[in-house]
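Note: hydrogens, waters and symmetry copies are ignored here, and every other heavy atom, side chains too, is used. None of these values were measured; they are calculated from a predicted model. Both ligands and their constituent atoms are indexed starting at 1 by order of listing. Residue numbers start at 1 and run along the sequence shown.
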Amino acid sequence: MKDLKRKDMIEMYFDFFKERGHSLIPSASIIPENDATVLFTTAGMHPLVPYLLGQKHPAGNRLVNVQKCLRTSDIESVGDNSHLTFFEMLGNWSLGDYFKKEMINWSYEFLTDEKYLGIPKEKLAFSVFEGNNDAPRDEVSANLWKECGAKESQVFYLSKKHNWWELGSGSGPCGPDSEMFFDTGKEKCSLNCDPSCDCGKYLEIWNDVFMEFEAKNGKYLPLEHKNVDTGMGVERTLVVYNSLTSVYDIEIFVLLRKKLEELTNKKYEENTKAFRVILDHIRTSVFILGDDSSLSPSNVGAGYILRRLIRRMIRFIKNLEVESSILENLALIVIDYYKEDYKELERNKNYIVSSLIEEEIKFNKTLKSGYKTFNKVIKNLEGDTIDGTNAFKLFDTFGFPLEFTIEMANENNLKVDVEGFNKKFKEHQELSRTASSGEFKGGLADTGEGSVKYHTLAHLTLAALQEVYGKEIYQKGCNITSERLRFDFPLDHKMTDEEKLKVESIINKNIDAAIPVIKTEMDLQEAIESGAEGTFSDKYGDRVYVYSIENVSKEICGGPHIENTNQLTHAKIVKEESSSAGVRRIKVIME
Ligand code: SER
């Protein structure tokens, strides 16, 4: 049996594309730094949106990387063979360079050549865009696959729903795609069964997107430069290569599984769903908490997703009848496994572990109030059935699994209206899907005027904080919208009013001084030697941009920025609070 390790597979992909002129760029943060339209990075292309729209990338026009991604719209499906919330996506990009011919030839070579994945040719299937009023039927891609050696019967024409990639926001770079599938050899589920069917016969492993349009106000405008954006899921490809049954059979999950069996005295085979939920959610929670943005569980936005993941995991741990805290033991395995490639996990190890434990303690408290509510509900009950609304309230507000509620109801000779619960659950799911569709499916990296200004303000803010507190102050986290800047930095005390005023006045003095903001492209090493600040050096590629504001600030940064500080209006710190131990968070607005 083949045993390709994650690391070797990633290396193989990198080497393949490096040999073909691609520069390796680092994974971006899993929580977008300059983009308030999405909660998490959902695909490798997401941090590259400005470059796909034409901005020049400092690393060149052929890029390759592996990106930390998170998709949570199907969180309730985790537990089956293929659903994961966190995953790693290999990707390569052409920014106005090569297009369909090169990409399809390379894809076929990488998939089938024994030097690479060596998948038997007859085990592959390919889909191409069938065409509509916006873009033609993609005969070009279909013919290219056939020229590579694919049979007519292996190429499928599918509709926009399946073979068109665009961000959930409905704007930004987009275009038809061509997907590659592994045919598992299962019987077709019906006469119409094809790669768009999710019966499990076909497993998608790679997607080549031909981004030749920009979606704007419901129209598709041809882009000046045609791009390629490809995405290959690391976990799924390992499943195919190593002939595994499920994504939960890959190395990291086997390690976690063993530990969990040891800690719970239960068997994976007998508790598959609970195990899978715990394995997936611990990995995802570690990656969210391990990001340098110091996100913590909360009731809004990304913090709420984190809270749901941790609590759901704890519920499943309780289902395994474990009372002691085991989150730290599991988290350390994840950190250890990935720390070489994602240095931030080691850097934030203490934060990851303490946040998990803190949330567990909090949840244990909600569980108690949940029990109280349950008792109140049964006390006031008319008849013998707890209705769907109350069962859902226990689930949603207090994190009570339905099974808990049913069990406790049975002990009191009561029943639960499961159908009513499911109805409420569906309503809620639809509501949260609609409310969050833009957030989960992707969005346009915000390069609008307002956000660009706040981006420059962030540099001025760091410089002012350093002037007040010393050079050791650095940017711990940064989040920008067109209306405000949120900035995290290490400091051992609450800012005094006097200190706030000082920081504001330094920023405003530099705004009034009308200093040009100068962009220079250079090697990373050269940038560091020139004294440019980087948030975290491992986040950058070999070629970088440095933005300088003379005598004030010099930072390695992707930009974009305004041209002169006098384009900004005066800044004010409107909020100052603790973000985590030893870290302050300020909200700054321009008046
Ligand atoms: N953006 C595409 C995807 O996520 C290809 O990378 O599938």
Side-chain angles (χ1 to χ4, degrees), residues 10 13-14 16-17 22 24-25 27-28 30 32 35 37-53 57 62-74 82-95 97-100 102-104 106-107 110-111 126-129 138 141 158 160-182 195-196 198 202-215 223 226-237 240 247 437-445:
I10 293 176
Y13 189 91
F14 285 173
F16 182 89
F17 283 100
H22 291 65
L24 180 62
I25 58 164
S27 172
I30 202 171
D35 185 353
T37 61
V38 279
L39 295 179
F40 296 106
T41 301
T42 55
M45 57 78 70
H46 189 215
L48 292 171
V49 167
Y51 307 104
L52 291 162
L53 288 175
H57 195 289
R62 292 185 179 202
L63 310 174
V64 61
N65 85 347
V66 62
Q67 172 65 44
K68 305 182 277 187
C69 296
L70 181 52
R71 295 182 187 176
T72 51
S73 49
D74 286 324
S82 62
H83 277 94
L84 292 171
T85 50
F86 171 85
F87 63 101
E88 292 182 277
M89 187 187 270
L90 287 163
N92 62 283
W93 290 272
S94 155
L95 303 172
D97 188 339
Y98 58 83
F99 204 48
K100 291 183 183 176
E102 291 86 341
M103 194 58 233
I104 287 183
W106 289 339
S107 296
F110 190 77
L111 289 171
F126 309 90
S127 65
V128 296
F129 181 50
D138 196 358
S141 296
L158 298 178
K160 183 175 178 191
K161 183 167 168 232
H162 303 285
N163 277 65
W164 184 272
W165 176 267
E166 94 184 36
L167 295 163
S169 60
S171 57
C174 60
D177 64 36
S178 184
E179 298 182 3
M180 289 142 268
F181 298 82
F182 177 71
S196 68
D198 55 12
Y202 296 99
L203 192 65
E204 185 200 331
I205 42 180
W206 202 355
N207 184 11
D208 290 350
V209 187
F210 303 114
M211 292 191 157
E212 45 181 320
F213 299 101
E214 180 181 0
L223 278 170
K226 292 180 179 181
N227 308 296
V228 173
D229 149 37
T230 95
M232 173 186 270
V234 170
E235 291 81 356
R236 283 190 179 190
T237 309
V240 168
V247 282
S437 53
E439 291 171 341
F440 292 128
K441 288 193 187 134
L444 181 64

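- The aromatic ring centroids of Phe210 and Phe99 lie less than 6.0 Å from each other.
- Among all non-hydrogen protein atoms, the one lying nearest atom 1 (N) of ligand 1 is Asp229 OD2, 2.8 Å.
- Between Met45 and Met211 the shortest side-chain heavy-atom distance falls below 4.5 Å.
- Heavy-atom proximity to Met45, at under 4.0 Å, picks out these atoms of ligand 1: 1 (N).
- In this structure, Met89 has a heavy atom closer than 4.0 Å to ligand 1.
- For Glu179, no heavy-atom contact with ligand 1 is shorter than 4.0 Å.
- Under 4.0 Å from ligand 1, the heavy atoms of Thr230 that appear belong solely to its backbone.
- At a threshold of 4.0 Å, the pair Asp138-Lys100 counts as salt-bridged, since one of the basic side-chain nitrogens sits closer than that to a carboxylate oxygen.
- Protein heavy atom in closest approach to atom 7 (O) of ligand 1: Asn207 ND2, 3.2 Å.
- By the salt bridge (Lys or Arg N to Asp or Glu O under 4.0 Å) test, Glu204 is found to be paired with no residue, residues two or more places apart in sequence or in another chain being considered.
- The shortest side-chain heavy-atom distance between Phe14 and Leu90 falls under the 4.5 Å cut-off.
- Atom numbering of ligand 1 starts at 1 in the shown order; those under 4.0 Å from a heavy atom of Ala43 are 4 (O).
- Contact atoms of ligand 1 toward Arg71: 4 (O) (distance under 4.0 Å to a heavy atom of the residue).
- For ligand 1 and Gly231, the ligand atoms under 4.0 Å from any heavy atom of the residue are 5 (C), 6 (O).
- A search for side chain to side chain contact (heavy atoms under 4.5 Å, CB included) contacts involving His22 returns Phe17, Arg20, Arg62, Val64, Asn92, Tyr98, Trp106, not counting sequence neighbours.
- Taking a cut-off of under 4.0 Å to the non-hydrogen atoms of Val209, the atoms of ligand 1 that pass are 2 (C), 5 (C).
- Residues Met89 and Val234 are not in side-chain contact: their nearest non-hydrogen atoms beyond the backbone lie 4.5 Å or more apart.
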